[in-house]
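Input: a single structure, listed below in C-alpha coordinates.
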2 protein chains.
Amino acid sequence: MTDARPYTYVLDRLKSAGLRPTRQRLALAKLLLETDDRHVTAEQLHCEASDSGIKVSLATVYNTLHQFTKADLLREVVVESGRAYFDTNTDEHYHIFHQDTGELCDIPDHALSTLALPEPPAGTEIDRIDVIVRVKSKT
Amino acid sequence: MTDARPYTYVLDRLKSAGLRPTRQRLALAKLLLETDDRHVTAEQLHCEASDSGIKVSLATVYNTLHQFTKADLLREVVVESGRAYFDTNTDEHYHIFHQDTGELCDIPDHALSTLALPEPPAGTEIDRIDVIVRVKSKT
DNA sequence: GTGTTTGCAAAGTGTTTGCAATTTA
DNA sequence: TAAATTGCAAACACTTTGCAAACAC
(Lines give C-alpha, C1' and ligand atoms only; values in the text may rest on other atoms or scores of the structure.)
Protein backbone atom coordinates (compact mmCIF):
# COMPACT_ATOMS: atom_id res chain seq x y z
CA MET A 1 0.00 0.00 0.00
CA THR A 2 1.66 3.15 -1.23
CA ASP A 3 0.54 6.25 0.58
CA ALA A 4 1.38 9.93 0.28
CA ARG A 5 2.80 9.80 -3.20
CA PRO A 6 4.98 12.71 -4.20
CA TYR A 7 3.67 15.63 -6.13
CA THR A 8 5.77 14.67 -9.13
CA TYR A 9 4.05 11.30 -9.35
CA VAL A 10 0.67 12.92 -9.80
CA LEU A 11 2.06 15.43 -12.25
CA ASP A 12 3.69 12.72 -14.30
CA ARG A 13 0.56 10.65 -14.50
CA LEU A 14 -1.35 13.63 -15.81
CA LYS A 15 1.32 14.44 -18.32
CA SER A 16 1.69 10.93 -19.63
CA ALA A 17 -2.07 10.83 -20.06
CA GLY A 18 -1.72 13.89 -22.26
CA LEU A 19 -3.73 16.06 -19.91
CA ARG A 20 -2.59 19.58 -19.17
CA PRO A 21 -1.89 20.07 -15.49
CA THR A 22 -4.28 22.91 -14.99
CA ARG A 23 -4.97 24.13 -11.50
CA GLN A 24 -8.29 22.33 -11.12
CA ARG A 25 -7.15 19.16 -12.83
CA LEU A 26 -4.03 18.93 -10.77
CA ALA A 27 -5.92 19.56 -7.55
CA LEU A 28 -8.42 16.80 -8.32
CA ALA A 29 -5.66 14.46 -9.42
CA LYS A 30 -3.87 15.02 -6.14
CA LEU A 31 -6.99 14.24 -4.16
CA LEU A 32 -7.53 11.10 -6.17
CA LEU A 33 -4.07 9.75 -6.84
CA GLU A 34 -1.90 10.70 -3.90
CA THR A 35 -3.14 7.71 -1.98
CA ASP A 36 -4.35 4.27 -3.02
CA ASP A 37 -7.77 2.90 -3.49
CA ARG A 38 -10.18 5.72 -3.44
CA HIS A 39 -13.83 5.36 -4.38
CA VAL A 40 -15.56 8.63 -4.91
CA THR A 41 -18.64 10.11 -6.42
CA ALA A 42 -18.52 13.41 -8.27
CA GLU A 43 -20.33 15.11 -5.43
CA GLN A 44 -17.91 13.77 -2.82
CA LEU A 45 -14.90 14.88 -4.78
CA HIS A 46 -16.43 18.28 -5.30
CA CYS A 47 -16.91 18.64 -1.55
CA GLU A 48 -13.37 17.54 -0.83
CA ALA A 49 -12.03 20.03 -3.31
CA SER A 50 -14.04 22.84 -1.77
CA ASP A 51 -12.96 21.80 1.71
CA SER A 52 -9.33 21.99 0.76
CA GLY A 53 -9.83 25.44 -0.63
CA ILE A 54 -9.90 24.65 -4.34
CA LYS A 55 -12.55 26.37 -6.36
CA VAL A 56 -13.91 23.91 -8.94
CA SER A 57 -17.36 23.68 -10.39
CA LEU A 58 -19.28 20.45 -10.20
CA ALA A 59 -19.44 20.37 -13.99
CA THR A 60 -15.67 20.43 -14.15
CA VAL A 61 -15.49 17.61 -11.62
CA TYR A 62 -17.71 15.51 -13.84
CA ASN A 63 -15.74 16.36 -16.94
CA THR A 64 -12.47 15.66 -15.20
CA LEU A 65 -13.63 12.32 -13.85
CA HIS A 66 -14.59 11.24 -17.34
CA GLN A 67 -11.34 12.47 -18.83
CA PHE A 68 -9.46 10.53 -16.19
CA THR A 69 -11.54 7.47 -16.86
CA LYS A 70 -10.87 7.68 -20.57
CA ALA A 71 -7.17 8.08 -19.79
CA ASP A 72 -7.24 4.96 -17.59
CA LEU A 73 -6.41 6.84 -14.45
CA LEU A 74 -9.80 5.85 -13.07
CA ARG A 75 -12.38 3.20 -13.54
CA GLU A 76 -16.09 3.70 -13.24
CA VAL A 77 -17.96 1.29 -11.01
CA VAL A 78 -21.71 1.00 -11.32
CA VAL A 79 -23.30 -0.07 -8.09
CA GLU A 80 -26.44 2.03 -7.88
CA SER A 81 -28.51 3.30 -10.71
CA GLY A 82 -28.38 7.03 -10.47
CA ARG A 83 -24.96 7.41 -8.90
CA ALA A 84 -21.57 6.94 -10.48
CA TYR A 85 -18.59 5.81 -8.44
CA PHE A 86 -15.03 6.21 -9.62
CA ASP A 87 -12.27 3.91 -8.46
CA THR A 88 -8.60 4.86 -8.50
CA ASN A 89 -7.63 1.22 -8.75
CA THR A 90 -7.75 0.34 -12.43
CA ASP A 91 -6.49 -3.20 -11.98
CA GLU A 92 -8.76 -6.18 -12.25
CA HIS A 93 -10.39 -6.62 -8.89
CA TYR A 94 -13.80 -6.68 -7.36
CA HIS A 95 -15.86 -4.85 -4.84
CA ILE A 96 -17.78 -4.97 -1.64
CA PHE A 97 -20.64 -2.54 -1.53
CA HIS A 98 -22.27 -1.76 1.77
CA GLN A 99 -25.88 -1.15 0.88
CA ASP A 100 -26.77 0.64 4.09
CA THR A 101 -23.90 3.12 4.08
CA GLY A 102 -23.17 3.38 0.36
CA GLU A 103 -19.55 2.58 1.11
CA LEU A 104 -17.62 0.84 -1.64
CA CYS A 105 -14.33 -0.94 -1.19
CA ASP A 106 -11.98 -3.19 -3.08
CA ILE A 107 -11.44 -6.84 -2.44
CA PRO A 108 -7.77 -6.87 -3.35
CA ASP A 109 -7.21 -10.59 -2.91
CA HIS A 110 -9.85 -11.59 -5.37
CA ALA A 111 -11.06 -14.87 -6.69
CA LEU A 112 -11.78 -13.80 -10.24
CA SER A 113 -9.24 -16.23 -11.58
CA THR A 114 -11.41 -19.09 -10.42
CA LEU A 115 -14.44 -17.72 -12.19
CA ALA A 116 -15.03 -19.81 -15.28
CA LEU A 117 -15.38 -17.22 -18.00
CA PRO A 118 -18.31 -17.72 -20.34
CA GLU A 119 -17.94 -17.72 -24.08
CA PRO A 120 -18.89 -14.25 -25.24
CA PRO A 121 -21.69 -14.19 -27.83
CA ALA A 122 -20.58 -14.42 -31.45
CA GLY A 123 -19.01 -11.24 -32.73
CA THR A 124 -18.32 -9.90 -29.28
CA GLU A 125 -15.42 -9.96 -26.90
CA ILE A 126 -15.26 -9.53 -23.16
CA ASP A 127 -14.49 -5.98 -22.18
CA ARG A 128 -14.46 -6.43 -18.44
CA ILE A 129 -16.14 -8.32 -15.66
CA ASP A 130 -17.66 -6.64 -12.68
CA VAL A 131 -18.23 -8.47 -9.47
CA ILE A 132 -20.02 -6.70 -6.67
CA VAL A 133 -20.61 -8.37 -3.35
CA ARG A 134 -23.51 -6.55 -1.76
CA VAL A 135 -23.50 -6.67 2.01
CA LYS A 136 -25.91 -5.29 4.54
CA SER A 137 -25.85 -4.78 8.29
CA LYS A 138 -26.72 -7.86 10.27
CA THR A 139 -30.17 -7.59 11.70
CA MET B 1 -37.48 -23.14 -20.86
CA THR B 2 -41.14 -22.65 -20.12
CA ASP B 3 -42.89 -20.46 -22.63
CA ALA B 4 -46.42 -19.17 -22.98
CA ARG B 5 -47.48 -19.71 -19.42
CA PRO B 6 -51.20 -19.80 -18.83
CA TYR B 7 -53.12 -16.82 -17.65
CA THR B 8 -53.84 -18.49 -14.34
CA TYR B 9 -50.13 -18.79 -13.62
CA VAL B 10 -49.67 -15.05 -13.85
CA LEU B 11 -52.79 -14.42 -11.83
CA ASP B 12 -51.69 -16.81 -9.14
CA ARG B 13 -48.28 -15.27 -8.83
CA LEU B 14 -49.86 -11.87 -8.33
CA LYS B 15 -52.29 -13.17 -5.78
CA SER B 16 -49.74 -15.08 -3.77
CA ALA B 17 -47.64 -11.94 -3.70
CA GLY B 18 -50.61 -10.20 -2.13
CA LEU B 19 -51.04 -7.84 -5.06
CA ARG B 20 -54.50 -7.08 -6.38
CA PRO B 21 -54.87 -8.10 -9.99
CA THR B 22 -55.86 -4.71 -11.28
CA ARG B 23 -56.09 -4.15 -15.00
CA GLN B 24 -52.72 -2.42 -15.31
CA ARG B 25 -50.91 -4.69 -12.93
CA LEU B 26 -52.20 -7.81 -14.60
CA ALA B 27 -51.30 -6.52 -18.02
CA LEU B 28 -47.74 -5.74 -16.96
CA ALA B 29 -47.45 -9.05 -15.14
CA LYS B 30 -48.52 -10.87 -18.28
CA LEU B 31 -45.92 -9.07 -20.36
CA LEU B 32 -43.27 -9.89 -17.82
CA LEU B 33 -44.12 -13.32 -16.55
CA GLU B 34 -45.77 -15.19 -19.40
CA THR B 35 -42.38 -16.10 -20.78
CA ASP B 36 -39.01 -16.71 -19.20
CA ASP B 37 -36.05 -14.50 -18.77
CA ARG B 38 -37.03 -11.02 -19.64
CA HIS B 39 -34.83 -8.02 -18.99
CA VAL B 40 -36.65 -4.76 -19.31
CA THR B 41 -36.35 -1.14 -18.43
CA ALA B 42 -39.37 0.84 -17.29
CA GLU B 43 -39.44 2.68 -20.57
CA GLN B 44 -39.37 -0.52 -22.62
CA LEU B 45 -42.17 -2.05 -20.65
CA HIS B 46 -44.20 1.10 -20.96
CA CYS B 47 -43.80 0.98 -24.73
CA GLU B 48 -44.75 -2.68 -24.89
CA ALA B 49 -47.83 -2.00 -22.86
CA SER B 50 -48.88 0.85 -25.11
CA ASP B 51 -48.19 -1.25 -28.18
CA SER B 52 -50.47 -3.97 -26.95
CA GLY B 53 -53.20 -1.46 -26.32
CA ILE B 54 -52.94 -1.13 -22.55
CA LYS B 55 -53.14 2.34 -21.16
CA VAL B 56 -50.67 2.67 -18.30
CA SER B 57 -48.77 5.68 -17.16
CA LEU B 58 -45.01 5.54 -16.88
CA ALA B 59 -45.27 6.34 -13.18
CA THR B 60 -47.42 3.28 -12.69
CA VAL B 61 -44.92 1.17 -14.57
CA TYR B 62 -42.21 2.33 -12.20
CA ASN B 63 -44.35 1.74 -9.16
CA THR B 64 -45.36 -1.68 -10.40
CA LEU B 65 -41.80 -2.71 -11.17
CA HIS B 66 -40.78 -1.81 -7.65
CA GLN B 67 -43.76 -3.58 -6.12
CA PHE B 68 -42.88 -6.67 -8.12
CA THR B 69 -39.28 -6.42 -7.05
CA LYS B 70 -40.25 -6.15 -3.40
CA ALA B 71 -42.53 -9.16 -3.88
CA ASP B 72 -39.65 -11.15 -5.40
CA LEU B 73 -41.30 -11.46 -8.77
CA LEU B 74 -38.46 -9.43 -10.25
CA ARG B 75 -34.89 -8.56 -9.49
CA GLU B 76 -33.25 -5.28 -10.24
CA VAL B 77 -29.95 -5.41 -12.09
CA VAL B 78 -27.71 -2.38 -12.11
CA VAL B 79 -25.60 -2.23 -15.22
CA GLU B 80 -25.58 1.43 -16.12
CA SER B 81 -25.83 4.36 -13.80
CA GLY B 82 -28.97 6.15 -14.78
CA ARG B 83 -30.96 3.21 -16.09
CA ALA B 84 -32.59 0.43 -14.12
CA TYR B 85 -33.06 -3.03 -15.59
CA PHE B 86 -35.48 -5.57 -14.17
CA ASP B 87 -34.96 -9.27 -14.57
CA THR B 88 -37.77 -11.81 -14.36
CA ASN B 89 -35.31 -14.47 -13.28
CA THR B 90 -34.94 -14.12 -9.53
CA ASP B 91 -32.64 -17.10 -9.10
CA GLU B 92 -28.96 -16.71 -8.48
CA HIS B 93 -27.32 -16.24 -11.81
CA TYR B 94 -25.25 -13.72 -13.65
CA HIS B 95 -25.36 -11.53 -16.68
CA ILE B 96 -23.86 -10.63 -19.97
CA PHE B 97 -24.31 -7.01 -20.86
CA HIS B 98 -23.72 -5.88 -24.40
CA GLN B 99 -22.33 -2.40 -24.03
CA ASP B 100 -23.00 -1.34 -27.59
CA THR B 101 -26.62 -2.40 -27.76
CA GLY B 102 -27.63 -2.15 -24.11
CA GLU B 103 -28.89 -5.71 -24.30
CA LEU B 104 -28.77 -7.71 -21.09
CA CYS B 105 -29.05 -11.48 -20.85
CA ASP B 106 -28.66 -14.24 -18.33
CA ILE B 107 -25.86 -16.74 -18.16
CA PRO B 108 -27.94 -19.62 -16.89
CA ASP B 109 -25.15 -22.13 -16.51
CA HIS B 110 -23.13 -19.98 -14.22
CA ALA B 111 -19.90 -20.44 -12.41
CA LEU B 112 -20.74 -18.61 -9.23
CA SER B 113 -20.20 -21.73 -7.20
CA THR B 114 -16.51 -21.58 -8.01
CA LEU B 115 -16.24 -18.01 -6.84
CA ALA B 116 -14.53 -18.02 -3.48
CA LEU B 117 -16.78 -15.85 -1.38
CA PRO B 118 -15.00 -13.23 0.69
CA GLU B 119 -15.61 -12.79 4.38
CA PRO B 120 -18.09 -9.97 4.73
CA PRO B 121 -16.87 -7.11 6.95
CA ALA B 122 -17.68 -7.45 10.65
CA GLY B 123 -21.30 -6.82 11.45
CA THR B 124 -22.43 -7.38 7.88
CA GLU B 125 -23.72 -10.27 5.88
CA ILE B 126 -23.78 -10.91 2.16
CA ASP B 127 -27.05 -9.88 0.60
CA ARG B 128 -26.29 -10.89 -2.94
CA ILE B 129 -23.50 -11.01 -5.47
CA ASP B 130 -23.73 -9.44 -8.87
CA VAL B 131 -21.56 -10.57 -11.70
CA ILE B 132 -21.73 -8.71 -14.96
CA VAL B 133 -19.69 -9.74 -17.94
CA ARG B 134 -19.44 -6.69 -20.15
CA VAL B 135 -18.93 -7.49 -23.79
CA LYS B 136 -18.49 -5.27 -26.80
CA SER B 137 -18.54 -5.77 -30.53
CA LYS B 138 -15.31 -7.05 -31.95
CA THR B 139 -13.46 -4.31 -33.76
C1' DG C 1 -1.58 34.35 -29.63
C1' DT C 2 -3.88 29.96 -30.05
C1' DG C 3 -6.11 26.23 -28.63
C1' DT C 4 -7.55 24.15 -24.29
C1' DT C 5 -10.02 24.34 -20.15
C1' DT C 6 -13.23 26.37 -17.07
C1' DG C 7 -17.63 28.02 -14.84
C1' DC C 8 -22.10 28.98 -15.04
C1' DA C 9 -26.62 28.23 -15.89
C1' DA C 10 -29.66 25.82 -18.54
C1' DA C 11 -31.18 21.63 -20.43
C1' DG C 12 -31.45 16.72 -20.18
C1' DT C 13 -32.39 12.03 -18.42
C1' DG C 14 -34.37 8.69 -15.65
C1' DT C 15 -37.02 8.31 -11.54
C1' DT C 16 -40.13 9.48 -7.60
C1' DT C 17 -43.96 11.80 -5.29
C1' DG C 18 -48.44 14.26 -3.96
C1' DC C 19 -52.95 14.22 -4.61
C1' DA C 20 -57.48 13.91 -6.66
C1' DA C 21 -60.03 10.66 -9.35
C1' DT C 22 -60.87 5.92 -10.17
C1' DT C 23 -61.17 1.16 -9.41
C1' DT C 24 -61.31 -3.13 -6.77
C1' DA C 25 -62.92 -6.44 -3.32
C1' DT D 1 -68.18 1.64 0.80
C1' DA D 2 -63.55 1.50 2.24
C1' DA D 3 -59.14 0.81 0.95
C1' DA D 4 -56.01 0.23 -2.71
C1' DT D 5 -54.53 1.81 -7.12
C1' DT D 6 -53.94 4.95 -10.85
C1' DG D 7 -52.62 9.09 -13.71
C1' DC D 8 -50.94 13.36 -14.09
C1' DA D 9 -47.87 16.87 -13.46
C1' DA D 10 -44.57 18.63 -10.76
C1' DA D 11 -40.50 17.72 -8.20
C1' DC D 12 -36.33 15.25 -7.94
C1' DA D 13 -31.28 13.74 -8.23
C1' DC D 14 -27.70 13.24 -11.03
C1' DT D 15 -25.38 14.34 -15.18
C1' DT D 16 -24.30 16.73 -19.57
C1' DT D 17 -23.94 20.70 -22.63
C1' DG D 18 -23.34 25.47 -24.81
C1' DC D 19 -20.88 29.28 -24.70
C1' DA D 20 -18.17 33.21 -23.11
C1' DA D 21 -14.33 34.16 -20.12
C1' DA D 22 -9.92 32.54 -18.34
C1' DC D 23 -5.91 29.96 -18.74
C1' DA D 24 -1.63 27.16 -20.30
C1' DC D 25 1.85 26.70 -23.44
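Residue numbers begin at 1 in each chain, while the letters A, B, ... track the order of the sequences. Keep in mind that this is a model prediction, so the values were computed, not measured.
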Let me know the distance between CD of B:Gln67 and C1' of D:dT5, rounded to the nearest Å. 8 Å
Once you round it to whole Å, what is the distance between C1' of C:dT23 and CG of B:Leu26? 14 Å
Once you round it to whole Å, what is the distance between P of D:dT5 and CG of B:Leu28? 14 Å
For atom CD of B:Glu76 and atom P of C:dG14, their distance in whole Å: 15 Å
Side chain to side chain donor-acceptor pair (under 3.5 Å) contacts in which one or both residues fall within residues 70-81 of chain B, not counting sequence neighbours: B:Arg75-B:Asp130
Can you measure B:Leu19 atom CG to D:dA3 atom P for me and round it to whole angstrom units? 19 Å
Common cluster, B:Tyr94/B:Val77, ILVMFWY with side-chain heavy-atom separation under 4.5 Å: no
What integer distance in Å separates B:Ile54:CD1 from D:dG7:P? 11 Å
Output one letter per nucleotide in nucleotides 12-25 of chain D: B when a protein non-hydrogen atom lies under 4.0 Å from the base, S when only the sugar-phosphate is that close, - when neither is. --SBBB-----SBS
Could you list the donor-acceptor pairs under 3.5 angstrom formed between side-chain atoms of residues 48-55 of chain B and any protein atom two or more places apart in sequence or on another chain?
| from | atom 1 | to | atom 2 | distance (Å) |
| --- | --- | --- | --- | --- |
| B:Glu48 | OE1 | B:Arg38 | NH1 | 2.9 |
| B:Glu48 | OE2 | B:Arg38 | NH1 | 3.3 |
| B:Glu48 | OE2 | B:Arg38 | NH2 | 2.8 |
| B:Ser50 | OG | B:His46 | O | 3.0 |
| B:Ser52 | OG | B:Glu48 | O | 2.9 |
| B:Ser52 | OG | B:Ala49 | O | 3.2 |

Starting from P on C:dT16, measure out to CD on A:Glu80 and report it in whole angstrom. 12 Å
Assess whether a salt bridge exists between A:Lys136 and B:Asp127, defined as any Lys/Arg side-chain N lying under 4.0 Å from an Asp/Glu carboxylate O. yes
Spacing of B:Gln24 atom CD relative to C:dT22 atom P, expressed in whole Å: 13 Å
Just wondering, more than 12 heavy atoms not from B:Glu43 lying within 6.0 Å of its CD? no
May I ask which nucleotide in the shown strands pairs with D:dC23, Watson-Crick or G-U wobble, both distances under 3.5 Å? C:dG3
A:His39 vs A:Phe97, test: ring pair (Phe, Tyr, Trp, His ring centres under 6.0 Å). Steps then yes/no. CA-CA 11 Å; A:His39 299 86; A:Phe97 180 65; over 10 Å; no
Watson-Crick or G-U counterpart of C:dA21, or none if no pair lies under 3.5 Å: D:dT5
